[in-house]
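Chain letters run A, B, ... following the sequence lines, proteins first and then strands; every chain starts at 1.
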Number of protein chains: 2
Amino acid sequence: MTNRLIKLDHALLGMLHQQPMSGYDLRKIFISTPLKHFSDSPGSIYPALDRLERAGWIRGKIDANVALRPKKIFSPTARGSARLRAWLKAPITQEDIIWHIDVLMLRLSFMSGFLQTTEIVRFLESMATETSAYISSLRDYFRGVSSEMPISAKLALRGGIEAYEDRLRFVRSAIKELKLAK
Amino acid sequence: MTNRLIKLDHALLGMLHQQPMSGYDLRKIFISTPLKHFSDSPGSIYPALDRLERAGWIRGKIDANVALRPKKIFSPTARGSARLRAWLKAPITQEDIIWHIDVLMLRLSFMSGFLQTTEIVRFLESMATETSAYISSLRDYFRGVSSEMPISAKLALRGGIEAYEDRLRFVRSAIKELKLAK
DNA sequence: CGATACATGTAACCGGTTACATGATTTT
DNA sequence: AAAATCATGTAACCGGTTACATGTATCG
């Protein structure tokens with residue numbers, strides 16, 4: 001129950017660690033920043049905040065100085081922080097590389113302050129390993145079938161492979177940058 | 001009702017255009033090929049095939065030579081082909097670039113045989129335009145906030161931008177390739 | 001003889017989308 | 001006076017996930 005890994009929930013939890021906020025504030029950020037790869041509808045955010053509060057990861061306090069409608073400001077609890085850290089440190093699988101790349105990037109974005117540079121580097125190295133393995137399997141597949149594929153299908157598949165190659169290149173440059181900064 | 005644009009439905013419709021198949025065959029493809037960015041569970045595929053049949057886009061025929069359990073082979077109808085073509089030709093929005101890149105690549109993969117090369121090129125050029133516009137807005141945002149961001153957040157955002165830049169590079173090279181092939 | 005492959009389907013659950021409801025304040 | 005913004009929430013709907021059900025045939 002408290003162990004589900006819903007993307008939106010962790011996005012909210014991470015954002016509340018950077019700054020306690022209301023649901024409305026969170027929505028505004030989702031709408032106005034390019035990190036809006038998450039749902040910005042009230043029908044998803046308010047129930048998600050409920051879930052998080054029921055799970056004991058955040059706690060909401062009603063803002064006293066009520067000018068407008070009362071605001072509920074959510075802050076992470078100790079359990080919420082532990083949960084976020086655990087999520088950031090969770091091992092990377094090939095499934096993550098294939099289906100949840102956005103979640104991996106979200107995790108990366110929250111790591112400073114929670115993890116040491118060496119841990120972030122390990123995370124990225126693991127990403128590189130898994131990505132590189134997946135690229136190999138894609139190349140093998142491509143070699144086997146590309147001759148029979150129509151051109152647009154071939155292009156699409158090549159585009160898919162290149163996207164992973166580009167991601168790998170990024171991850172490796174990020175590792176270098178982190179090691180220099182350390 | 002018949003106008004929804006569900007990813008899985010169109011993926012199935014497109015695949016049935018390449019070769020009439022049963023639900024089980026479709027599942028096997030989803031499981032075994034790297035184009036498995038779509039749901040492979042029976043709980044999604046069989047209901048989806050029902051939807052498509054009810055919408056009149058495909059028609060299922062029970063395979064006569066029953067060795068094992070009877071197989072239902074689905075073929076696209078004329079209306080289904082029209083629908084697929086319309087989907088392939090639909091204009092690209094910036095939302096597609098941001099949230100449905102996988103759908104755009106899926107569309108690209110189905111285009112040969114349905115669209116002329118000039119139309120495919122137009123599709124890719126539109127992708128390039130929208131991607132490039134979105135990159136500009138991301139760069140503007142990055143310039144404004146990067147100084148205050150912790151390093152891992154900055155890396156993640158940069159990675160996001162680079163992914164779009166790489167995608168743009170791919171699209172441009174694909175345009176060149178198509179023009180040469182023509 | 002047990003496991004795996006073939007083949008289709010259903011049911012419970014869960015979360016996101018859309019749209020609506022409410023109501024005060026501020027801007028045009 | 002109307003529209004937009006602040007701020008939270010609910011309800012209907014829809015589709016995906018997971019797990020289960022069923023039954024044959026083949027492989028080890």
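As rounded to whole Å, 13 Å separates atom C1' of dG15(C) from atom CG of Leu52(A). The distance between atom CZ of Arg51(A) and atom C1' of dC14(C), rounded to the nearest whole Å, is 9 Å. Between the P atom of dT5(D) and the NZ atom of Lys71(A) lies a distance of 16 Å, rounded to the nearest Å. Computed from coordinates, the Arg54(A) CZ to dC14(C) C1' distance equals 12 Å when rounded to whole Å. Computed from coordinates, the Leu8(A) CG to dG16(D) P distance equals 19 Å when rounded to whole Å. We find that CG of Asp63(B) is positioned 9 Å from P of dA7(C), with the value rounded to whole Å. Going from atom CG of Asp50(A) over to atom C1' of dT10(D) covers 11 Å, rounded to whole Å. With rounding to whole Å, Glu53(A) atom CD is found 13 Å from dT8(D) atom C1'.
Screening residues 125-134 of chain B for salt bridge (charged side-chain N to carboxylate O under 4.0 Å, His left out), with sequence neighbours left out, gives Glu125(B)-Lys179(B).
Taking all atoms of both residues into account, the shortest heavy-atom contact from Ala133(A) to Gln94(A) is CB-NE2, 3.6 Å. Among all heavy-atom pairs drawn from Phe110(A) and Ala11(A), the shortest one is CZ-O, 3.7 Å.
Contact check on Glu177(B) versus Lys154(A) returns no salt bridge, with no Lys/Arg side-chain nitrogen under 4.0 Å from an Asp/Glu carboxylate oxygen.
Partner of Thr131(A) under the side-chain contact (heavy atoms from CB on, under 4.5 Å) criterion, out of Leu104(A), Ile101(A), Leu168(A), Ile98(A): Leu168(A) alone.
Residue Gln116(A) places its CD atom among 12 or fewer non-hydrogen atoms of other residues, nucleotides or ligands, all under 6.0 Å distant. Sparse packing is recorded around CZ of Arg59(A), with 12 or fewer heavy atoms of other residues, nucleotides or ligands lying under 6.0 Å away.
In the hydrophobic clustering of this structure, Ile29(A) does not group with Ile73(A); members are Ile, Leu, Val, Met, Phe, Trp, Tyr whose side-chain heavy atoms approach within less than 4.5 Å, directly or through other members.
Computed from C1' positions of five pairs at each end, the angle between the two local axes of the helix from dC1(C)-dG28(D) to dT28(C)-dA1(D) equals 30°, rounded to 10 degrees.
Minimum atom distance to the side chain of Tyr46(B) is reached by dT8(C), of the listed dG16(D), dT8(D), dT8(C). In the set dT10(D), dG15(D), dT10(C), dG15(D) carries the atom at the smallest distance from any side-chain atom of Ile6(B).
In this structure Lys89(A) satisfies the salt bridge (charged side-chain N to carboxylate O under 4.0 Å, His left out) test together with Glu119(A), sequence neighbours excluded. In terms of the side-chain contact (heavy atoms from CB on, under 4.5 Å) criterion, Ser32(A) has no residue partners (sequence neighbours excluded).
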**Request:** Carefully, step by step, assess Asp140(A) and Ser137(A) under the rule side chain to side chain donor-acceptor pair (under 3.5 Å).
**Result:** CA-CA 5 Å; Asp140(A) 288 347; Ser137(A) 74; over 6 Å; no

N/O to N/O distances under 3.5 Å, protein versus nucleotides 17-19 of chain C:
unit_1	atom_1	unit_2	atom_2	d
dT17(C)	OP2	Ser39(A)	OG	2.3

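Of the residues in residues 22-29 of chain A, not one comes within less than 4.0 Å of DNA chain C through any heavy atom.
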